[in-house]
Amino acid sequence: MSDQPTPSEAEPSEGTEVPAAPEAPQPKRRVALLAVIAVLVLAADQVTKAIAVAELEFAEPVRVLGGAVYLQLIRNSGAAFGMASGMTWLLALLACAVVIALIWFAKRLRSPGWAVGLGLILAGALGNLTDRFFRAPGVLQGHVVDFVSVFAPNGDVWPVFNVADSSLFVGCGLIILLSLLGKDYDGKTIEKKAKKS
């Protein structure tokens, strides 16, 4: 039996193209996950605000969980957690820009974690933007309904907030954590992408 390699085993001759190894399939897009998270959290935000307006208007702060939480109605003309008070129209325009950017970016998402994080951010932006458009005193001037004060009433320990504020806070925290862990929005790790390039 000959030790000579068969033509199929021989090295490819010069000028012959070697077929490239097939690339791993892309993870599926996560637009639907982002949309579901955004819709559910936005609905929770608007329902809880409606209940707060109906039940807490002109009422004393309601002490719950042994004083860990107080429920009281505050109308906020500023940003999340009471910041930038009095800049309602500018904050509304900024929120519009954030919403448009997130919707445009959504089609690139392939990471479930990023989809959840950006869905929470989108819900938070839309929740407070809805107040700015539809609540008194008018369009782009509406005051946001806040109703949760932790550890003390009147926001003495932490600014009074709502579901949308919490959603923004958690969503931003999740995106920062994923970035620190090297998880990118396209479902790949940043280290692996750097090695390929």
Side-chain angles (χ1 to χ4, degrees), residues 30-85 87-88 90-103 106 109 112-137 139-178:
R30 301 295 180 173
V31 179
L33 178 59
L34 180 146
V36 168
I37 294 292
V39 168
L40 290 176
V41 176
L42 177 60
D45 176 67
Q46 293 302 304
V47 168
T48 53
K49 284 174 178 173
I51 294 170
V53 169
E55 300 295 329
L56 301 174
E57 190 91 68
F58 309 119
E60 290 295 312
V62 178
R63 186 173 184 264
V64 295
L65 299 176
V69 174
Y70 289 81
L71 302 177
Q72 67 180 121
L73 187 66
I74 302 288
R75 297 185 188 273
N76 175 15
S77 63
F81 302 109
M83 296 182 291
S85 182
M87 302 180 68
T88 310
L90 181 60
L91 294 168
L93 293 177
L94 182 61
C96 286
V98 169
V99 168
I100 291 167
L102 287 174
I103 291 171
L109 282 177
W114 273 75
V116 171
L118 292 181
L120 290 170
I121 293 170
L122 180 59
L126 284 172
N128 287 339
L129 186 60
T130 301
D131 286 13
R132 298 194 193 285
F133 268 98
F134 298 110
R135 294 192 186 276
V139 176
L140 294 181
Q141 299 291 327
H143 292 179
V144 172
V145 171
D146 291 331
F147 59 90
V148 181
S149 182
V150 293
F151 305 124
N154 307 310
D156 290 339
V157 174
W158 185 262
V160 184
F161 60 95
N162 57 39
V163 172
D165 296 335
S166 301
S167 181
L168 281 166
F169 185 79
V170 173
C172 288
L174 179 56
I175 295 301
I176 291 168
L177 177 62
L178 289 169

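- Put simply, the side chain of S167 gets close to the backbone of L120: a donor and an acceptor are under 3.5 Å apart.
- N76 and N128 are not linked by any side-chain donor-acceptor pair at a separation below 3.5 angstrom, with hydrogens and angles left out of the test.
- Applying the 6.0 Å contact sphere to CD of E55 captures no more than 12 heavy atoms from other residues, nucleotides or ligands.
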Evaluate the side-chain contact (heavy atoms from CB on, under 4.5 Å) criterion for residues F147 and I51: first the C-alpha distance (whole Å), next the side-chain angles of each, then the deciding distance (0.1 Å), finally the verdict.
CA-CA 10 Å; F147 59 90; I51 294 170; over 6 Å; no
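- For D131, the salt bridge (Lys or Arg N to Asp or Glu O under 4.0 Å) partners are K49, R135, not counting sequence neighbours.
- Considering L40, L126, T130, V163 as possible partners of D45, the one that fulfils the side-chain contact (heavy atoms from CB on, under 4.5 Å) test is V163.
- In terms of heavy atoms, G155 sits closest to Q72 at N-OE1, 4.3 Å.
- When all heavy atoms of D146 and V160 are compared, the closest pair comes out as OD2-O, 3.4 Å.
- What you find for S149 and N154 is that their closest heavy atoms are OG-N, 3.8 Å.
- Of all the heavy atoms in Q46 and G127, the pair that sits closest is NE2-O, 3.2 Å.
- The nearest pair of heavy atoms linking A123 to A38 is CB-O, 3.5 Å.
- The salt bridge (Lys or Arg N to Asp or Glu O under 4.0 Å) search around E60 returns none, not counting sequence neighbours.
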Where do L71 and L56 land on the side-chain contact (heavy atoms from CB on, under 4.5 Å) test, with the steps shown first?
CA-CA 8 Å; L71 302 177; L56 301 174; 4.0 Å; yes
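- What you find for A106 and L34 is that their closest heavy atoms are CB-CD1, 4.4 Å.
- L65 contributes atom CG, which lies 10.5 Å from atom CZ of F151 (distance to the nearest 0.5 angstrom).
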side-chain contact (heavy atoms from CB on, under 4.5 Å) assessment of R75 paired with V145:
CA-CA 5 Å; R75 297 185 188 273; V145 171; 3.9 Å; yes
Under 3.5 Å donor-acceptor pairs involving side-chain atoms of residues 91-103, not counting sequence neighbours:
none

